[in-house]
Amino acid sequence: MLTNPLTSKRPQSLGAHQGRLAACPSTRNSVCSQAEDAAHYIAPLEPGDRCPAEMMRRLKTALMGCEEAEVITASDTYLHAECHSALGFVDDLELLWSEDEGVCHVRSASRLGITDLGKNRARVEKLRMLLEGWGFCD
């Protein structure tokens, strides 16, 4: 896998901070279920009637089976994966379970550029489709 030196450094803003994921930059290369503007907003993932910990395990398994994704951090409430493109670019995918809201918040963001041509939104929707196939998101 190629590594692009411009995108190999992890952002300092990753992780949960007071129950929130980092805000999206003003550029059109990220989506987040906690975003307040329509351009960046994407719906959170819902567990349906399933256990949230099981949903997080399923998401981890799906990402570990994906050639482009590398799971960096995983727990029952938070997951961070780096998604690598064939050209060596890296996107950060974060999943954060919110017990208060009963949903899994998601953020997918490119480390470089001003547009992602919809790649981050498509990645999240693909995960949503996988979860629906497993009986989640009912």
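All heavy atoms count here, side chains included; hydrogens, waters and symmetry mates do not. Numbers here are sequence positions counted from 1.
- Glu54 is not listed as a side-chain neighbour of Met56, based on a closest heavy-atom distance of 4.5 Å or more.
- Hydrophobic clustering of Ile, Leu, Val, Met, Phe, Trp and Tyr side chains at less than 4.5 Å, counting indirect connections, unites Leu95 with Met64.
- Between atom CD1 of residue Ile42 and atom CG of residue Asn120 there is a gap of 9.0 Å, rounded to the nearest 0.5 Å.
- For the pair Glu82 and Arg10, the salt-bridge criterion is met [side-chain N within less than 4.0 Å of a carboxylate O].
- Between Leu79 and Thr73 the shortest side-chain heavy-atom distance does not fall below 4.5 Å.
- Scanning all heavy atoms of the two residues, the minimum distance from Ser13 to His17 falls at O-NE2, 3.3 Å.
- In this structure, Ala74 and Lys60 approach most closely via the heavy-atom pair CB-CD, 3.8 Å.
- The side-chain heavy atoms of His84 and Glu70, taken from C-beta on, include a pair separated by under 4.5 Å.
- Two different hydrophobic clusters hold Tyr78 and Leu127 under the rule that ILVMFWY side chains link at heavy-atom gaps under 4.5 Å.
- With rounding to the nearest 0.5 angstrom, the CD atom of Glu46 is 10.5 Å from the OG atom of Ser33.
- At least one donor-acceptor pair under 3.5 Å links the side chain of Gln34 to the backbone N or O of Leu21.
- Checked for salt-bridge contact, Asp91 and Arg123 meet the test: a charged N lies under 4.0 Å from a carboxylate O.
- In terms of heavy atoms, Ser26 sits closest to His40 at O-CE1, 4.0 Å.
- Counting all heavy atoms, side chain and backbone alike, Pro52 lies closest to Trp97 at CG-CZ2, 3.3 Å.
- Between Val31 and Asp116, the closest side-chain pair of non-hydrogen atoms is not below 4.5 Å.
- The NZ atom of Lys119 lies 8.0 Å from the SG atom of Cys83; values are rounded to the nearest 0.5 Å.
- The shortest distance between side-chain heavy atoms of Leu93 and Val106 falls below 4.5 Å.
- Checked by atom type, the side-chain pair Ser98/His105 shows no donor-acceptor distance below 3.5 Å.
- Sparse packing is recorded around CZ of Arg28, with 12 or fewer heavy atoms of other residues, nucleotides or ligands lying under 6.0 Å away.
- The side-chain heavy atoms of Lys126 and Val124, taken from C-beta on, include no pair separated by under 4.5 Å.
- For the residue pair Arg128 and Ala43, the shortest heavy atom distance occurs at NH2-O, 2.7 Å.
- The minimum heavy-atom distance between Gly19 and Leu96, with the atom names listed, is O-CD2, 3.7 Å.
- Residues Ser85 and Glu68 form no side-chain contact, since every pair of their non-hydrogen atoms from C-beta on lies 4.5 Å or further apart.
- When the side chains of ILVMFWY residues are joined at heavy-atom separations under 4.5 Å, either directly or via intervening members, Leu131 and Val103 end up in two distinct hydrophobic clusters.
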Stepwise side-chain hydrogen bond (donor to acceptor under 3.5 Å, both in side chains) check, Ser110 with Asn29: CA-CA 6 Å; Ser110 301; Asn29 61 355; 4.6 Å; no

Leu14 vs Ile72, side-chain contact (heavy atoms from CB on, under 4.5 Å): CA-CA, chis, key distance, verdict: CA-CA 11 Å; Leu14 293 176; Ile72 305 300; over 6 Å; no

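- Taken from CZ in Arg121 to OG in Ser30, the straight-line distance is 9.5 Å, to the nearest 0.5 Å.
- For the pair Arg50 and Met55, the minimum side-chain heavy-atom distance is 4.5 Å or more.
- With hydrophobic clusters built from ILVMFWY side chains whose heavy atoms lie under 4.5 angstrom apart, Ile114 does not share a cluster with Leu117.
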